[in-house]
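First the structure, in the form of C-alpha coordinates, and then the observations on it.
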Amino acid sequence: MTKSKLLWKVIGLEILVIFWFLVNGAYVSMTHPTTHYLQFLGIVALTKSVAQEYGHQNIRINSFCPGAFRTPMLEERFSDLSSEEKAKLNESYQKLNALGRIGDPLEAAKAVKWLLSDDASFVTGQNIIVDGGIGFRFE
(Lines give C-alpha, C1' and ligand atoms only; values in the text may rest on other atoms or scores of the structure.)
Protein backbone atom coordinates (compact mmCIF):
# COMPACT_ATOMS: atom_id res chain seq x y z
CA MET A 1 0.00 0.00 0.00
CA THR A 2 1.27 3.46 -0.83
CA LYS A 3 1.52 6.31 1.62
CA SER A 4 0.65 9.92 0.89
CA LYS A 5 1.29 12.89 3.12
CA LEU A 6 0.61 16.57 2.72
CA LEU A 7 3.11 19.11 3.97
CA TRP A 8 1.97 22.70 4.41
CA LYS A 9 4.06 25.82 4.80
CA VAL A 10 2.45 29.19 5.35
CA ILE A 11 4.45 32.39 4.91
CA GLY A 12 2.24 35.43 4.82
CA LEU A 13 -0.10 34.80 1.92
CA GLU A 14 2.02 32.11 0.31
CA ILE A 15 1.06 28.50 0.88
CA LEU A 16 3.09 25.59 -0.44
CA VAL A 17 1.56 22.12 -0.61
CA ILE A 18 3.72 19.12 -1.35
CA PHE A 19 2.24 15.75 -2.20
CA TRP A 20 4.61 13.16 -0.76
CA PHE A 21 4.42 9.96 -2.77
CA LEU A 22 6.40 6.86 -1.97
CA VAL A 23 8.37 5.82 -5.04
CA ASN A 24 9.13 2.29 -3.88
CA GLY A 25 5.44 1.50 -3.61
CA ALA A 26 4.06 3.44 -6.53
CA TYR A 27 6.67 4.54 -9.01
CA VAL A 28 8.56 1.32 -9.59
CA SER A 29 7.00 -2.08 -9.09
CA MET A 30 7.86 -5.40 -10.60
CA THR A 31 4.66 -7.19 -9.55
CA HIS A 32 1.87 -4.84 -10.73
CA PRO A 33 3.51 -2.14 -12.86
CA THR A 34 0.31 -0.93 -14.55
CA THR A 35 -1.45 -0.18 -11.29
CA HIS A 36 1.57 1.53 -9.80
CA TYR A 37 2.35 3.61 -12.89
CA LEU A 38 -1.28 4.74 -13.01
CA GLN A 39 -1.07 5.81 -9.36
CA PHE A 40 2.14 7.70 -10.08
CA LEU A 41 0.69 9.40 -13.16
CA GLY A 42 -2.43 10.28 -11.18
CA ILE A 43 -0.29 12.13 -8.63
CA VAL A 44 1.61 13.91 -11.43
CA ALA A 45 -1.64 14.95 -13.13
CA LEU A 46 -3.19 16.04 -9.83
CA THR A 47 -0.09 18.10 -8.99
CA LYS A 48 -0.17 19.92 -12.32
CA SER A 49 -3.94 20.44 -12.26
CA VAL A 50 -4.06 21.81 -8.71
CA ALA A 51 -1.02 24.01 -9.41
CA GLN A 52 -2.88 25.55 -12.37
CA GLU A 53 -6.04 26.01 -10.32
CA TYR A 54 -4.43 27.70 -7.30
CA GLY A 55 -1.33 29.37 -8.76
CA HIS A 56 -3.07 32.73 -9.12
CA GLN A 57 -3.57 32.70 -5.34
CA ASN A 58 0.20 32.35 -4.86
CA ILE A 59 -0.19 28.72 -3.78
CA ARG A 60 2.56 26.44 -5.05
CA ILE A 61 1.83 22.74 -5.55
CA ASN A 62 4.56 20.16 -6.12
CA SER A 63 4.82 16.41 -5.66
CA PHE A 64 7.84 14.81 -4.04
CA CYS A 65 8.69 11.20 -4.86
CA PRO A 66 11.48 9.67 -2.77
CA GLY A 67 13.28 6.45 -3.59
CA ALA A 68 14.93 4.04 -1.16
CA PHE A 69 16.51 5.72 1.86
CA ARG A 70 18.17 4.26 4.96
CA THR A 71 15.25 4.84 7.28
CA PRO A 72 13.97 2.79 10.24
CA MET A 73 11.30 1.37 7.92
CA LEU A 74 13.94 0.09 5.48
CA GLU A 75 16.17 -1.17 8.28
CA GLU A 76 13.18 -3.07 9.69
CA ARG A 77 12.89 -4.84 6.37
CA PHE A 78 16.50 -6.00 6.82
CA SER A 79 16.18 -6.90 10.53
CA ASP A 80 14.98 -10.52 10.35
CA LEU A 81 17.26 -11.54 7.50
CA SER A 82 20.43 -13.58 7.65
CA SER A 83 23.72 -11.86 6.76
CA GLU A 84 23.62 -13.45 3.31
CA GLU A 85 20.01 -12.34 2.71
CA LYS A 86 20.83 -8.81 3.92
CA ALA A 87 23.75 -8.59 1.52
CA LYS A 88 21.58 -9.84 -1.36
CA LEU A 89 18.74 -7.39 -0.58
CA ASN A 90 21.19 -4.51 -0.17
CA GLU A 91 22.78 -5.40 -3.52
CA SER A 92 19.39 -5.50 -5.25
CA TYR A 93 18.48 -2.04 -3.85
CA GLN A 94 21.82 -0.70 -5.05
CA LYS A 95 21.36 -2.14 -8.54
CA LEU A 96 17.98 -0.42 -8.87
CA ASN A 97 19.39 3.09 -9.16
CA ALA A 98 22.02 4.75 -11.31
CA LEU A 99 24.07 5.98 -8.34
CA GLY A 100 24.44 2.43 -7.03
CA ARG A 101 23.52 3.10 -3.40
CA ILE A 102 20.66 3.61 -0.98
CA GLY A 103 20.07 7.25 -0.15
CA ASP A 104 20.62 9.02 3.14
CA PRO A 105 17.39 10.52 4.57
CA LEU A 106 19.13 13.91 4.77
CA GLU A 107 19.36 13.90 0.97
CA ALA A 108 15.57 13.70 0.73
CA ALA A 109 15.19 16.30 3.49
CA LYS A 110 17.45 18.74 1.64
CA ALA A 111 15.31 18.45 -1.49
CA VAL A 112 12.15 19.16 0.52
CA LYS A 113 13.91 22.01 2.33
CA TRP A 114 14.76 23.51 -1.05
CA LEU A 115 11.14 23.18 -2.21
CA LEU A 116 10.03 24.98 0.95
CA SER A 117 12.62 27.74 0.53
CA ASP A 118 12.44 31.05 -1.32
CA ASP A 119 14.95 29.59 -3.80
CA ALA A 120 12.05 27.52 -5.22
CA SER A 121 9.53 30.38 -5.21
CA PHE A 122 8.90 29.99 -8.97
CA VAL A 123 8.55 26.19 -8.85
CA THR A 124 5.02 24.85 -9.08
CA GLY A 125 3.27 21.93 -10.75
CA GLN A 126 6.46 19.87 -10.71
CA ASN A 127 7.14 16.30 -9.74
CA ILE A 128 10.44 16.22 -7.85
CA ILE A 129 11.94 12.72 -7.90
CA VAL A 130 14.81 12.06 -5.50
CA ASP A 131 15.65 8.42 -6.04
CA GLY A 132 19.27 8.12 -7.18
CA GLY A 133 18.16 7.54 -10.77
CA ILE A 134 15.81 4.61 -10.26
CA GLY A 135 13.25 6.24 -12.54
CA PHE A 136 15.38 5.98 -15.67
CA ARG A 137 17.22 2.73 -14.90
CA PHE A 138 16.09 -0.01 -17.28
CA GLU A 139 17.57 -3.51 -17.32
Side-chain angles (χ1 to χ4, degrees):
M1 176 163 259
T2 61
K3 295 180 181 180
S4 290
K5 295 180 182 177
L6 288 179
L7 299 175
W8 294 82
K9 176 189 175 191
V10 180
I11 301 177
L13 297 176
E14 180 181 350
I15 301 174
L16 170 66
V17 179
I18 299 176
F19 295 106
W20 180 293
F21 201 58
L22 186 63
V23 173
N24 289 339
Y27 186 48
V28 176
S29 173
M30 303 307 163
T31 55
H32 302 289
T34 303
T35 302
H36 294 295
Y37 282 120
L38 286 173
Q39 291 172 347
F40 173 75
L41 293 173
I43 290 294
V44 171
L46 178 65
T47 300
K48 292 186 179 306
S49 177
V50 176
Q52 280 288 326
E53 191 171 340
Y54 291 99
H56 69 282
Q57 296 177 34
N58 205 25
I59 299 173
R60 298 186 295 125
I61 310 291
N62 294 292
S63 57
F64 176 76
C65 297
F69 290 90
R70 287 239 178 256
T71 61
M73 186 172 79
L74 184 66
E75 294 301 328
E76 183 179 318
R77 191 165 180 192
F78 281 72
S79 66
D80 294 332
L81 302 176
S82 68
S83 296
E84 184 178 297
E85 290 171 321
K86 286 179 186 180
K88 192 172 183 177
L89 184 58
N90 192 47
E91 183 181 331
S92 69
Y93 268 108
Q94 290 176 356
K95 284 183 178 179
L96 282 175
N97 69 57
L99 295 180
R101 64 182 177 82
I102 297 173
D104 183 297
L106 287 176
E107 292 171 304
K110 288 176 183 178
V112 172
K113 182 181 176 184
W114 174 76
L115 273 176
L116 296 171
S117 76
D118 291 338
D119 291 339
S121 63
F122 201 61
V123 177
T124 193
Q126 301 304 306
N127 181 45
I128 308 300
I129 301 171
V130 180
D131 67 359
I134 201 171
F136 60 80
R137 184 74 181 248
F138 300 101
E139 291 185 9

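Just so it is clear, the structure is predicted and the values come from calculations on it, not from any experiment.
Under a cut-off of 6.0 angstrom, the local environment of CD in E75 is crowded, with over 12 non-hydrogen atoms contributed by other residues, nucleotides or ligands. By the neighbour-count criterion of 12 heavy atoms within 6.0 Å, atom NZ of K86 is densely surrounded, having more than that number from other residues, nucleotides or ligands.
Under the 4.5 Å side-chain heavy-atom criterion for grouping Ile, Leu, Val, Met, Phe, Trp and Tyr, F69 is connected to W114 within one hydrophobic cluster.
Judged by distance alone, the side chain of Q126 and the main-chain N or O of T124 form a donor-acceptor pair under 3.5 Å. Not one N or O on the side chain of S49 forms a donor-acceptor pair closer than 3.5 Å with the backbone of A45.
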Audit row: N127, C65, side-chain contact (heavy atoms from CB on, under 4.5 Å) steps and yes/no: CA-CA 7 Å; N127 181 45; C65 297; 3.1 Å; yes
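Of all non-hydrogen atoms in A68 and I102, the two that sit nearest each other are O-CG2, 3.5 Å. In this structure, P105 and R70 approach most closely via the heavy-atom pair CG-O, 3.2 Å. Residues L115 and R60 approach most closely at O-NH2, 3.2 Å, considering heavy atoms. Here the shortest heavy-atom pairing between I61 and I59 reads CD1-CG2, 3.8 Å.
For the pair I128/V130, a side-chain contact is recorded, criterion being any heavy-atom separation below 4.5 Å from C-beta on. Counting heavy atoms from C-beta outward, V123 and N62 have side chains that approach closer than 4.5 Å.
Interatomic distance, L89 CG to E84 CD, rounded to the nearest 0.5 Å: 12.5 Å. Rounding to the nearest 0.5 Å gives a distance of 12.5 Å between CG of L41 and CG of L46.
By the 4.0 Å N-to-carboxylate-O rule, E53 lies too far from K48 to be salt-bridged with it.
If you check the side chains of S82 and E85, you find a donor sitting under 3.5 Å from an acceptor.
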